[in-house]
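Structure first, then comments.
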Amino acid sequence: MKFEIDTLGIIHSPYKEKFAIPRQPGLVKSVRARLELLPPYDQPDVLRGIEQFSHLWLSFVFHQTMEQGWHPTVRPPRLGGNERVGVFATRSTFRPNPLGLSVVELHGVGRERGKLWLELGAVDLLDGTPIVDIKPYIPYADSLPDARGGFAPEAPTPPLAVSFSAEAEQQLARLASRHPELRQLVSEVLAQDPRPAYKKGKPDEKLYGVRLFDLNVRFQIQEPHCLVSAIDPA
Ligand code: SAM
């Protein structure tokens with residue numbers, strides 16, 4: 001059977017590129033995103049009652065990687081990027097049907113000038129991600145404290161301590177009115193060490209850059225430290 005499914009809404013998030021997006025929701029708590037509903041789903045009736053829930057399940061399409069296809073086995077970063085396991089034993093983006101599933105915080109519903117949206121937190125979603133379903137998270141059914149977590153038994157402890165150069169501090173101060181949560185967001189994102197697995201545990205001179213909002217955040221890593229050197233317009 002083949003199915004056709006419709007995009008219900010689009011994510012607006014500060015994550016403008018795949019690099020440095022947390023690998024699961026909830027790892028970076030300070031990130032905020034908006035899910036804007038598209039016609040014909042942009043009618044308040046579809047959200048009636050949703051504010052009673054603190055969290056939502058979002059089904060979405062890995063739209064940026066879907067053209068790259070899939071392989072029966074993948075190398076999860078959690079196993080150091082060397083060991084292969086079956087695609088269905090992972091949450092890899094490269095799957096036969098490029099569908100993702102994330103539980104996210106619901107902070108409210110917004111409505112203005114004919115637009116309707118959900119205010120979300122703790123997402124792991126790229127800006128522009130198409131959402132294909134929204135469901136409430138129901139603790140009695142969805143929370144399974146005794147479940148076995150396989151090779152990912154618990155959330156990884158963020159490995160890096162993040163600090164800011166004097167220049168980056170000045171840039172944060174200038175940006176404070178537009179992006180009041182920026183320091184927290186940059187700290188949480190970079191503390192996860194976004195580099196590919198093969199870079200970890202070795203000396204690294206590289207100056208990295210990541211796009212958050214309309215900004216280019218530049219940083220260097222000497223484990224266990226990460227120094228943010230500058231935050232410039234992208
Ligand atoms: N929580 C979801 C799941 O389990 O299905 C996603 C897990 S996947 C490992 C998370 C990664 O997907 C993020 O780190 C980011 O690199 C990538 N990602 C997020 N949105 C994407 C999109 N629209 N297209 C392609 N990749 C995306």
Side-chain angles (χ1 to χ4, degrees), residues 5-36 38 55-71 73-81 83-106 118 120-137 142-144 147-156 158-160 185-186 188-200 208-213 217:
I5 50 174
D6 210 5
T7 300
L8 310 183
I10 294 286
I11 288 289
H12 301 283
S13 101
Y15 298 132
K16 306 296 179 193
E17 58 180 319
K18 261 193 83 196
F19 179 56
I21 301 181
R23 298 223 166 84
Q24 287 301 335
L27 295 176
V28 168
K29 296 270 184 219
S30 61
V31 67
R32 291 286 177 269
R34 203 169 256 203
L35 164 49
E36 184 185 340
L38 298 177
H55 293 75
L56 300 175
W57 287 109
L58 299 183
S59 301
F60 62 95
V61 176
F62 289 116
H63 74 301
Q64 200 179 78
T65 46
M66 59 189 282
E67 303 300 337
Q68 295 174 44
W70 67 283
H71 296 283
T73 60
V74 296
R75 291 185 292 208
R78 259 316 252 270
L79 292 175
E83 207 174 313
R84 284 192 174 274
V85 292
V87 63
F88 298 135
T90 77
R91 308 283 285 253
S92 167
T93 55
F94 304 101
R95 337 182 53 79
N97 292 316
L99 294 175
L101 184 65
S102 291
V103 66
V104 302
E105 297 170 358
L106 174 62
L118 295 169
L120 306 175
V123 303
D124 58 348
L125 304 170
L126 184 66
D127 188 48
T129 296
I131 301 298
V132 294
D133 203 6
I134 305 166
K135 291 190 174 100
Y137 175 91
D142 296 341
S143 166
L144 305 169
R148 277 202 317 275
F151 56 80
E154 55 206 21
L160 301 179
L185 178 62
V186 170
E188 283 187 73
V189 166
L190 297 185
Q192 309 274 333
D193 195 347
R195 296 174 302 165
Y198 73 90
K199 285 276 191 187
K200 296 179 185 173
Y208 292 89
V210 62
R211 274 196 67 201
L212 291 175
F213 299 105
V217 178

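If you read the sequence from its start, that first residue is 1, and numbering goes on from there. In each ligand, atom 1 is the first atom listed, and ligand 1 is the first ligand listed.
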Ligand 1 and P130, any nitrogen or oxygen pair closer than 3.5 angstrom?
no

Can you tell me which portion of [X] lies within the under-4.0 Å heavy-atom range of ligand 1? Options are side chain, backbone, both, or neither.
X: L99; answer: neither
X: D124; answer: both
X: P25; answer: side chain
X: K18; answer: both
X: Q24; answer: side chain

Please work out which of R91, H63, R95, E17 has its closest non-hydrogen atom nearest to atom 9 (C) of ligand 1.
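Comparing heavy atoms across R91, H63, R95, E17, the nearest one to atom 9 (C) of ligand 1 lies in R91.
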
How about S13 and D127: does a side-chain donor come under 3.5 Å of a side-chain acceptor?
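No.
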
Any donor-acceptor N or O pair under 3.5 Å, side chains N97, W70
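No - no donor-acceptor pair under 3.5 Å links their side chains.
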
Would you check, one step at a time, whether the test side chain to side chain contact (heavy atoms under 4.5 Å, CB included) holds for T129 with I10?
CA-CA 6 Å; T129 296; I10 294 286; over 6 Å; no

For F60 and V132: C-alpha separation, side-chain torsions, deciding distance, then whether side chain to side chain contact (heavy atoms under 4.5 Å, CB included) applies.
CA-CA 5 Å; F60 62 95; V132 294; 5.6 Å; no

Rounded to the nearest 0.5 angstrom, the CG-CG distance for L58 and L120 is 6.0 Å

Can you check side-chain hydrogen bond (donor to acceptor under 3.5 Å, both in side chains) on W57 and D142, steps first, answer last?
CA-CA 10 Å; W57 287 109; D142 296 341; 2.8 Å; yes

Sub-4.0 Å heavy-atom contact, V103 with ligand 1:
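Contact check V103 vs ligand 1: negative.
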
